[in-house]
Amino acid sequence: MKAAVCKAYGGPDVVQLLDVPDPVAKPDEVLIRVVATTVSSGDARVRGARFPSGFSLLARVFLGLTGPRNQILGTELSGVVEAVGANVTRYRPGDQVFAFSGAGMGCHAELKAMPEDGVMALVPVGVTFEEAAAISFGATTALHFLRDVGKVQRGERVLVNGASGAVGSAAVQLARHFGAHVTGVCSAANANLARALGADAVIDYKAADFARSGTRWDIILDTVGNVSFVRCRNALNKNGRLLLAVGELGDLLKAPFQSMTSGLKVAGGPAPERAEDIIELKRLCETGAYKPVIDSRFAFDRISEAHARVDSERKVGSVVVTMRDVR
């Protein structure tokens, strides 16, 4: 099969399309013929070894010292089940599925084997393969922070910093679904998108600092990595929650102490990879409560250009890579 292989850390041009052995489904695995995948901000960070401050050494030990240990990146996909292992009962060849491999990566390839009980589900009714490929990365993170960590309640005020990215665009929609009043922080160029996704108010980060606006929120969700507790503690209501989807090591280490001494909640860290979250997102897609935003589409042989688009830091939603056309 063809796969996008990243043998060393570097710019988009380190990603090469190479022939590699086909994976074989184990007894409890499903073999998926990939139709679409994405290049996420996480993929670009790994490829470029651009880790949050304080995580560089730990990340290289875990991911690889001079290049990614898992040389095929990619955390999410959609496709068609090509074969199933002897013990598989949930899926059969021909099923249209979407999946989230998370830290296991490996989705930038024509074939991907996934555990039957992995983070995978049938493609939502009415959703295209390209849209299905873009469901998981942003929305599982947003769902975890808003529902599980922030425990957002109907009528609360939620601010999403970075409302036009993959995580942020999902967070705006999910916060609205949960009944919150939503403020999106993004560029003026993306203000209409944020409103269309459900934001009640939009702040242009180039024109105003939300932390100095005099407005307070119950939840501030940072999807960018430029928000600190010191900066925005006065922008939180009593019992407010500062949720750091992206944070430096120092911020995460200080979070428990800040929570204990301030009466506020500060929390961050990676979101878990759970099959039940994918099932919930499938339901939300089918009810119209959530729809992934697609920035751009690239053919598989242009995947290095997809990486460059992510590196530009101008993408809106997800950058999708299409392996083949399935109608």
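Sequence positions, counted from 1, serve as the residue numbers for this chain. Worth knowing before you read on, the calculation uses all heavy atoms, side chains too, and leaves out hydrogens, waters and symmetry mates.
No more than 12 heavy atoms of other residues, nucleotides or ligands sit less than 6.0 Å from atom CZ of Arg314. The environment of CZ in Arg50 is crowded: more than 12 heavy-atom neighbours from other residues, nucleotides or ligands sit within 6.0 Å. Residue Glu313 qualifies as open at atom CD: its count of foreign heavy atoms under 6.0 Å is 12 or below. Other residues, nucleotides and ligands place more than 12 heavy atoms under 6.0 Å from the NZ atom of Lys315.
No donor-acceptor contact under 3.5 angstrom links the side chains of Glu76 and Thr37, judged on distance only.
Side-chain contact between Val293 and Val316 is present, with at least one heavy-atom pair separated by less than 4.5 Å. Here the side chains of Leu77 and Ile32 are in contact, with some heavy-atom distance below 4.5 Å. At a threshold of 4.5 Å between non-hydrogen side-chain atoms, the residues Leu63 and Val46 count as touching. When side chains are defined from C-beta on, Thr140 counts as touching Ile278, because their heavy atoms get closer than 4.5 Å. The shortest side-chain heavy-atom distance between Val149 and Lys265 falls under the 4.5 Å cut-off.
Here Asp218 contributes atom CG and Lys238 contributes atom NZ; the two are 12.5 Å apart, rounded to the nearest 0.5 Å. For the atom pair CG of Leu242 and CH2 of Trp217, the computed distance is 12.5 Å after rounding to the nearest 0.5 Å. Here the CG-OH distance, from Leu284 to Tyr290, works out to 9.5 Å after rounding to the nearest 0.5 Å. Once rounded to the nearest 0.5 Å, the distance linking CD of Gln258 with CG of Leu253 reads 10.5 Å. Once rounded to the nearest 0.5 Å, the distance linking CD of Glu29 with CG of Asp117 reads 10.0 Å. To the nearest 0.5 Å, atoms CG (Leu221) and OG1 (Thr141) are separated by 9.5 Å.
Membership of an apolar cluster is not assigned to Val224, as no side-chain contact below 4.5 Å to another ILVMFWY residue is traced.
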Output side-chain donor-acceptor pairs under 3.5 Å for residues 104-113, partner residues at least two apart or in another chain, one line each.
from   : atom 1 : to     : atom 2 : distance (Å)
His108 : NE2    : Thr38  : O      : 2.7
Glu110 : OE1    : Lys2   : N      : 2.8
Lys112 : NZ     : Met105 : O      : 2.9

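Applying the side-chain hydrogen bond (donor to acceptor under 3.5 Å, both in side chains) rule to pairs touching residues 155-171 yields Glu156-Arg241, Asn161-Asp222, Asn161-Asn226, Ser164-Asn190, sequence neighbours excluded.
Comment: Lys282 engages Glu286 in a salt bridge, judged by a side-chain N to carboxylate O separation of less than 4.0 angstrom. Between Asp148 and Arg274, at least one side-chain N (NZ, or NE/NH1/NH2) sits under 4.0 Å from a carboxylate O, which counts as a salt bridge.
Counting only distance, with no hydrogens or angles, the side chain of Gln153 and the backbone of Lys151 share a donor-acceptor pair below 3.5 Å. Between the side chain of Arg176 and the backbone N or O of Gly198, at least one donor-acceptor pair lies under 3.5 Å.
Residues Met120 and Ile279 are members of separate hydrophobic clusters, defined by side-chain heavy-atom contacts under 4.5 angstrom among Ile, Leu, Val, Met, Phe, Trp and Tyr.
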